[in-house]
J.: 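What follows is a single structure, and I will ask about it in a moment.
Chain naming here is simple, since letters A, B, ... match the order of the sequence lines and numbering starts at 1 in each.
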Amino acid sequence: MLEIKNLHVEVEGQPILNGIDLVIPDGEVHAIMGPNGSGKSTLSYVIAGKEEYDITEGDILYNGESILEMDPAERVAAGLFLAFQYPIEIPGVATMTFLRTAINAVRKEREQDELSIPDMMKLIQGKAKDLGVKPEMLKRGLNVGFSGGEKKRMEILQMALLDPGMCILDETDSGLDIDALRIVSEGVNALRSENRSMLVITHYQRLLNYIVPDKVHVMTDGKIVRTGGKELALELEDAGYAEYDEELA
Amino acid sequence: MAAVKETIDQVKELDLDKYKYGFTTDIETVKAPKGLNEDIVKFISAKKDEPEWMLEWRMDAYERWLTMKEPEWAKVEYEKPDFQDLYYYAAPKSSEAPKSLDEVDPELLATYEKLGIPLKEQEVLAGVEGAKVAMDVVFDSVSVVTTFKEELAKAGVIFCSISEAIKEHPELVQKYLGSVVPKSDNFYATLNSAVFSDGSFVYIPPGVRCPMELSTYFRINEENTGQFERTLIIADKGSYVSYLEGCTAPMRDENQLHAAVVELVALDDAEIKYSTVQNWYPGDKDGKGGVFNFVTKRGDCRGANSKISWTQVETGSAITWKYPSCILRGDNSQGEFYSIAISNGLQQVDSGTKMVHLGKNTSSRIISKGISAGKSSNTYRGLVSAHKKASGARNFTQCDSLLIGDQCSAHTVPYIEAKNSTATFEHEATTSKISDDQMFYAQARGLNEEEAVALIVNGFAREVIQQLPMEFMAETQKLIGISLEGSVG
Ligand SMILES: Nc1ncnc2c1ncn2[C@@H]1O[C@H](COP(=O)(O)OP(=O)(O)O)[C@@H](O)[C@H]1O
Ligand SMILES: [Mg+2]
């Protein structure tokens with residue numbers, strides 16, 4: 001369970017999140033929708049532990065414990081995973097090498113044994129196939145020269161491999177054509193389970209036709225201004241965010 | 001394999017600060033008196049039972065050295081060694097004349113086991129099955145053992161210590177010694193010519209592809225002792241050899257001097273691949289101690305269509321002054337230089353290469369990856385020149401620097417001289433910082449800071465790592481991680 005309590009965040013003295021309250025119980029999928037610049041990615045980075053943000057008030061608890069003092073790797077080991085809106089390229093590091101290093105790093109932190117190379121290959125190749133990640137992509141530098149869709153698939157592949165309890169997907173749908181959207185959504189849906197929760201961040205309602213959420217939150221100006229069921233997404237699709245945003249109104 | 005695993009585990013248990021090779025070996029040694037004069041040169045030559053011509057050669061070098069000054073053009077700062085306060089010869093007493101592994105002092109064998117260097121011939125390195133590596137092992141001033149000699153002899157390959165070659169193969173030594181790095185080449189090379197104590201000798205006969213990797217492992221143990229080894233490799237017509245050099249030293253508060261000379265000669269259609277993994281003790285975090293690594297390495301592509309390739313991974317030493325170079329004399333000959341130079345703490349590196357194009361249609365390629373962290377300084381210094389007769393000469397240089405943190409510095413000093421208008425030289429250089437976004441991304445996948453840095457740096461240096469012999473790739477990747485420990489956070 002993820003609990004965000006009265007979270008206030010600033011960057012260089014500039015307030016970005018202005019008191020977020022959000023609880024995602026185990027097994028639930030919540031969506032956050034909101035206009036560009038409303039603070040959705042900031043929230044996801046803060047949960048994952050990016051340094052440049054100052055938390056001026058509030059707390060984030062995962063399974064009852066505050067994560068604010070944990071470094072990013074410890075958060076991953078605890079079960080948090082962020083699929084990036086803009087995945088980063090690491091030239092010269094073969095994707096397969098990166099995946100192996102990440103899996104073993106997380107296993108070590110979780111006090112599990114390292115996987116043998118054959119087991120590792122089987123695991124990675126199996127999940128890659130499910131997500132339509134071609135074997136030659138695993139040989140290329142991580143995310144280097146990948147199309148937008150390939151990068152997003154790679155994020156979901158990593159999510160599947162690191163066995164998280166709480167998945168945060170930041171605009172995973174942007175840049176995907178309809179086929180890729182379907183494959184990625186199927187991959188995400190396959191990971192839905194009783195003890196895994198998800199926070200799906202999106203700008204568009206479209207994704208939520210595929211990944212059907214238990215709850216939808218609307219975020220503007222660093223605040224959650226409305227919460228409802230999945231039908232709220234459809235309503236937003238028609239009316240837009242204008243009624244929630246003074247500047248847009 | 002069991003023994004290798006065991007030695008690796010032992011090394012892990014040593015827990016010696018960060019530099020895991022920092023232990024000393026308690027062993028009785030024979031030393032020359034401190035200081036340098038004619039008598040010391042004679043002492044070394046006599047100890048090795050050298051022929052008269054060798055002593056004359058040394059004495060001539062010594063005379064010239066007296067007239068020379070230490071070079072000061074490199075971007076390094078240090079207190080110059082007091083050449084009269086050094087020992088020029090130290091040898092483990094027990095191994096003055098070891099003939100085979102059975103005769104090597106067990107204390108020495110234990111040392112190499114601790115270092116993870118298996119000397120037993122049935123062992124293999126770095127867990128690569130089926131890989132055989134023949135080793136010449138130099139402890140302070142002498143070569144203590146050379147492995148796989150017989151098997152190599154069957155192929156006609158000569159692999160022995162230079163002391164032995166001087167006695168057993170004088171015609172080869174006289175013909176080639178000093179033919180690439182002349183006796184009076186530079187201050188340190190000249191000093192080496194006078195007092196070199198040991199090193200490796202390789203001769204590959206015409207048409208032979210050397211059946212295994214050859215390797216020399218250098219270890220400085222004694223205090224206040226200079227190591228002056230001399231390596232000479234000759235690849236006769238149409239032959240091929242791959243050679244690897246590794247080095248470590250104990251942690252000592254005093255600086256240790258290492259002034260080696262390596263000469264490579266490739267005749268027509270021959271190829272030499274020379275790789276170095278240098279991990280001398282870099283000194284402590286305050287810059288106390290560490291090895292001064294002042295080395296002259298040069299290859300002569302003497303024959304047509306010959307090729308010499310240098311690959312170096314420089315991670316240790318307090319000061320590195322080193323420019324493995326190629327003289328591209330034969331028509332269509334090729335020179336390559338692949339380098340990873342890592343500096344951390346207060347280390348200073350001034351390294352690079354010279355590609356001297358003399359023959360027609362000669363080509364060279366330089367890939368240099370400098371990584372600076374801590375408060376270190378890292379300079380690439382390179383010269384590419386084409387002689388008047390070097391029509392069609394080509395060079396490609398790629399020089400990339402990566403900075404970790406904001407207290408280190410990187411410098412690129414390329415010199416280009418083209419005396420032939422048909423020469424084409426390309427130079428590309430980049431300087432970048434390890435990006436926060438890359439670091440965060442790797443950390444958001446479960447890597448800690450040090451693992452993230454090691455991964456990103458290995459990616460940055462990949463083009464060079466790929467040039468290393470397979471057996472040493474994995475070790476090198478780990479070494480890169482270890483060298484950068486403490487560079488972030
Ligand atoms: N590192 C940063 N430095 C300065 N401003 C930032 C930084 N990160 C986010 N912001 C600002 O915070 C606001 C919210 O951005 P973001 O969280 O990316 O919104 P969203 O993902 O909803 O589009 C924007 O105005 C953005 O410019
Ligand atoms: Mg965003």
J.: Below 4.5 Å, heavy-atom pairs only: which of A:P87, A:P91, A:A73, A:G141 has the largest tally toward chain B?
T.: A:A73
J.: Any side-chain donor-acceptor pair under 3.5 Å between B:S275 and B:T311?
T.: no
J.: Please check if any side-chain donor atom of B:N344 sits under 3.5 Å from a side-chain acceptor atom of B:S376, or the reverse.
T.: no
J.: Between A:L161, A:D71, A:L82, which shows the greatest number of heavy-atom pairs under 4.5 Å with chain B?
T.: A:L82
J.: Enter the distance from A:H203:NE2 to A:Q85:CD here, rounded to the nearest 0.5 Å.
T.: 10.0 Å
J.: Side chain, backbone, both or neither: which part of B:A461 has a heavy atom under 4.5 Å from chain A?
T.: neither
J.: For chain B, which of A:P164, A:A77, A:G49 has the most heavy-atom pairs under 4.5 Å?
T.: A:G49
J.: Cation-pi between B:K273 and B:Y243: NZ/CZ under 6.0 Å from ring centre and within 45° of the ring axis?
T.: no
J.: Distance under 6.0 Å and angle within 45° of the ring axis: does A:K50 meet both against A:Y45?
T.: yes
J.: Please identify which of these residues, B:Y274, B:F337, B:Y323, meets the ring pair (Phe, Tyr, Trp, His ring centres under 6.0 Å) condition with B:W310.
T.: B:Y274
J.: Less than 4.5 Å to any heavy atom of chain B: does that hold for the side chain of A:E89, its backbone, both, or neither?
T.: backbone
J.: Return the CG to CD1 distance between A:D130 and A:I183, rounded to the nearest 0.5 Å.
T.: 11.0 Å
J.: Is it the case that the ring center of A:F84 lies less than 6.0 angstrom away from the ring center of B:F440?
T.: yes
J.: For B:Y441, which atoms come within 4.5 Å of any heavy atom of chain A: side chain, backbone, both, or neither?
T.: both
J.: For A:I90, which atoms come within 4.5 Å of any heavy atom of chain B: side chain, backbone, both, or neither?
T.: both
J.: Could you tell me which portion of B:E451 (side chain, backbone, both or neither) has an atom closer than 4.5 angstrom to a non-hydrogen atom of chain A?
T.: side chain
J.: Could you go through the side-chain hydrogen bond (donor to acceptor under 3.5 Å, both in side chains) check for B:Q312 and B:T276 one step at a time?
T.: CA-CA 5 Å; B:Q312 63 172 21; B:T276 306; 5.7 Å; no
J.: Say whether, by atom type as modelled, one donor and one acceptor occur between the side chain of A:K152 and the main chain of A:E171 under 3.5 angstrom.
T.: yes
J.: Non-hydrogen contacts under 4.5 angstrom with chain B: give the residues of residues 95-119 of chain A involved, or none if there are none.
T.: A:F98, A:T101, A:A102, A:A105, A:V106, A:K108
J.: Given a strict heavy-atom distance threshold of 4.5 Å, which part of A:V76 is in contact with chain B: side chain, backbone, both, or neither?
T.: side chain
